[in-house]
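Take a look at this one; I'll ask things after.
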Amino acid sequence: MKNSEIAEVFENIAGLLELKGEIPFKIRAYQKAARTIEHHPVELSKLVEESGTEALREIPGIGEAISKKILELLDTGKLKYYEELKSEFPEGIIRLMDVPGIGPKTAMRASKELGINTVEELEKAILDGRLASLPRMGEKTAENILRHIRTMKTKDQRIPLGQVLPVVDDIIAELRQRTDIRSIEPAGSLRRFRETIGDIDLMGTSDDPEGTIRAFTQLPQVVDVLVMGPKKASVVLRDGLQVDLRIVEDDAYGALIQYFTGSKQHNVVLREWARRRGLSLSEYGITNLSTGEVERFATEEEFYKRLGLQLIPPEIREGGVEVELAEKGAIPRFVEVKDIRGDLHVHTKESDGQNSLEEMAVAARDRGYEYIAITEHSPGLGIARGLSEERLRSQIAKIEELNRKLKSIRILVGTEVDIRADGSLDYPDELLGELDVVVAAVHSSMNQERAKITARVIKAMSNPHVDILAHPSCRLIGEREPVDIDMEAVFKAALETHTAMEINGQPQRLDLKDIHIQRAKDLGVPLVVSTDAHSIAQLNLMRLGVATARRGWCEARHILNTRPLRELLEFCGRNG
DNA sequence: GCCGTTTTCGGCCCGACTGTTTTCAGTCG
């Protein structure tokens, strides 16, 4: 049983306990365990297999009772406690609580008194006025719930990060132009670079909050203003995205951005931690519980510092071990975009890219890179104008010529060679041997069963010419599920065959994903961060790839393309 | 149900909003 499935069971148990009216702390314990398991970098089945059943207890938030339940789930695929709990309630009732505005109390009353157990039945009961007749319910509440049901139906809940970033950049640029806003930055899951985003949260400081808020609600891309007060507004953009802007006073900025960056779980852990030390945290500052005195903070750094903690990078604020480590000063400096010395996966016009070879190389040079690998598709990918052997040979010649011309950057001859269904590669070994960098990737037969696709990919990695496995899971966020591959086996093969795993910065890919990156890093698997750019502009996706690496706790030393050219070529088995 | 530089028992994050109530329950982030 996978971690995500185990987490779902505990999430559901928490929901059922809420309906039952259990004490909130028990409910929170299950919720916390679910979150922790969901973000755990190692499959618990592997963990138990390799380190024994006791290893579960080491995970924070997992004690005796929950570890027993995990073992039962791993052994039998079922959990007696969960089955019994489910049987106490009508089927499907916890889904009612997915509707904003419906909590456990309302869900129970609706079910008991009105026989409502699905969202459809709920909608009907609102329309014929039955819901409003319940105690503490009224016309207005019912109407709001109905509105939420309708938006749930039309709106995709979460949007891929990459779609949101350019929108945010635009808004920030316009606000800077039109108002006297001083600092402005995103908070929330956007600042943490989660792979999908719900709403956009922006925070800033300004001498004229009201004027700034007004200008914000009047931006051309705004179609609807939901809330507008003196310090805060919520608007809806043309594409349906909701954006909140909050203007705060300078000396409150630190505590507020900390609070709104989250994650929720991180804040809970941080507040529990502070409470044990006699401090109470809120979005306004830090209260000393014995004196009642409140301290305010202009920056987040000061806020964490007052708690005796390192500044915790937003990317890892998930409510795991980060607070504990920050206390010991044990959070390392994570990789940054400026550490990256080159991009190892880009396309040009020759295959399915938009810019010429020289344009890409010059753009890379202008970014300050030392090297860039041109990695076109191979012939098997006809749809992407994959290069025939002859065309690849002629590209090698062109690159050699360009290398003589452009002095300050080294263009590496590469390929993104297709891994065929049987694990063989789409170019002969002899030709692959002439290249500086060989990136291999799966682009077809993605629904092969687990054992088959795992063996296929490992076979390709075992080819001595292959240096990097690109987008290992092949997922497209919100569009295509990852292939069913044994990632742990792939990582072990990577160690044996000296193959690097790619962290692909394309917004719909972000592949490897955060928890796999963390696991690969812990195992010592070499990693690269690449953009898979199909245009000059996409070279900027490096920031997404790097943020994803940071979510996997990577330092520069874990990332191959932070190394100088000579070391990189050594890894690839070339001598420069 | 979890956890321990106050505790192996008795705590457990904090504040705001909304609509329904006449002082607050329920929900949310």
Inset, instruction - Take atom CD of A:Gln31 and atom C1' of B:dC28, then tell me their distance rounded to the nearest Å. - result: 13 Å
Legend entry - Integer angstrom distance from the C1' of B:dT23 to that of B:dG19: 13 Å
Inset, instruction - Kindly say whether, by distance alone, the side chain of A:Lys264 makes a donor-acceptor pair under 3.5 Å with the base of B:dG29? - result: yes
Inset, instruction - Output yes when a side-chain donor or acceptor of A:Thr76 lies under 3.5 Å from a complementary backbone atom of A:Leu73, and no otherwise. - result: no
Detail all sub-3.5 Å separations between protein N/O atoms and N/O atoms belonging to nucleotides 15-19 of chain B.
unit_1 : atom_1 : unit_2   : atom_2 : d
B:dA16 : OP1    : A:Tyr284 : OH     : 3.1
B:dG19 : OP1    : A:Asn144 : ND2    : 2.9
B:dG19 : O3'    : A:Thr141 : OG1    : 3.0
B:dG19 : N2     : A:Arg136 : NH1    : 3.0

Inset, instruction - Using the P atoms only, state how far B:dC13 lies from B:dC3, rounded to an integer number of Å. - result: 13 Å
Return the polar atom pairs (N/O with N/O) between nucleotides 4-7 of chain B and the protein under 3.5 Å, or none.
none

Legend entry - Touch class at under 4.0 angstrom, heavy-atom based, for A:Pro100 against every strand present: sugar-phosphate
Inset, instruction - Could you verify whether a donor N or O on one side chain and an acceptor N or O on the other, from A:Glu295 and A:Asn288, lie under 3.5 Å apart? - result: no
Inset, instruction - Check A:Val243, A:Asp170, A:Val235 against A:Gln221 for a side-chain contact (heavy atoms from CB on, under 4.5 Å) and give me the one that passes. - result: A:Asp170
Inset, instruction - Identify whether any heavy atom of A:Ile27 sits under 4.0 Å from a base atom; if not, whether one sits that close to sugar-phosphate; answer base, sugar-phosphate or nothing. - result: nothing
Legend entry - Euclidean distance, atom CZ of residue A:Arg158 to atom C1' of B:dG29 [Å, nearest integer]: 13 Å
Legend entry - A:Glu72 and A:Tyr82: side chain donor to acceptor below 3.5 Å: no
Legend entry - Spacing of the P atoms in B:dC14 and B:dT21 (rounded, Å): 30 Å
Inset, instruction - Scan every strand shown for a Watson-Crick or G-U wobble partner of B:dC12, both distances under 3.5 Å, and answer none if you come up empty. - result: B:dG1
Legend entry - Span that lies between the C1' atom of B:dG11 and that of B:dA16, in whole angstrom: 25 Å
Legend entry - Interatomic distance, A:Leu289 CG vs B:dC13 P [rounded to whole Å]: 12 Å
Inset, instruction - Assign A:Arg109 to base, sugar-phosphate, or nothing according to its heavy-atom contacts below 4.0 angstrom with the strands shown. - result: sugar-phosphate
Legend entry - Shortest side-chain distance from A:Lys105, nucleotide among B:dG1, B:dT27, B:dC13: B:dT27
Inset, instruction - Take A:Ser67 and A:Val268, find for each the nucleotide of DNA chain B with the closest heavy atom, and name the residue whose nucleotide sits nearer the 5' end. - result: A:Ser67
Legend entry - Salt-bridge present (A:Glu300, A:Arg191; N to O < 4.0 Å): yes
Inset, instruction - Round to the nearest Å and state the distance from A:Asn288 atom CG to B:dC14 atom C1'. - result: 17 Å
Inset, instruction - Taking only Lys NZ, Arg NE, NH1 and NH2, and the carboxylate oxygens of Asp or Glu, determine whether A:Arg147 and A:Glu143 approach each other closer than 4.0 Å. - result: no
Inset, instruction - Give the rounded distance in Å between these two atoms: CZ of A:Arg28 and C1' of B:dC13. - result: 7 Å
Inset, instruction - Look at the side chain of A:Arg277 and the backbone N and O of A:Trp273, then say whether any donor-acceptor pair between them is shorter than 3.5 Å. - result: yes
Inset, instruction - May I ask you to evaluate whether A:Lys69 reaches the phosphate of B:dG1, defined as a side-chain N or O under 4.0 Å from OP1 or OP2? - result: yes
Inset, instruction - Determine the interatomic distance between P on B:dC9 and the same-named atom on B:dT20; round to the nearest Å. - result: 47 Å
Legend entry - Sugar-phosphate, base or nothing in reach of A:Pro104, heavy atoms under 4.0 Å: sugar-phosphate
Legend entry - Protein-nucleotide distance (A:Leu17, atom CG; B:dC12, atom C1'), rounded to Å: 16 Å
Legend entry - Euclidean distance, atom CG of residue A:Leu96 to atom P of B:dG26 [Å, nearest integer]: 17 Å
Inset, instruction - State whether the side chain of A:Thr287 and the backbone N or O of A:Leu289 hold a donor-acceptor pair below 3.5 Å, judged by distance alone. - result: no
Inset, instruction - Can you tell me, in whole Å, how much space there is between the P of B:dC12 and that of B:dC17? - result: 25 Å
Inset, instruction - Look at the aromatic rings of A:Phe334 and A:Trp553 and report parallel, tilted or perpendicular, splitting at 30° and 60°. - result: perpendicular
Inset, instruction - Verify, without hydrogens or angle tests, whether A:Glu139 (side chain) and A:Ala132 (backbone) share a donor-acceptor contact under 3.5 angstrom. - result: no
Inset, instruction - Establish, for the pair A:Arg519 and A:Phe491, whether the NZ or CZ atom is under 6.0 angstrom from the six-membered ring centre and no further than 45 degrees off its axis. - result: no
Legend entry - A:Glu324 CD - B:dC2 P separation (whole Å): 17 Å
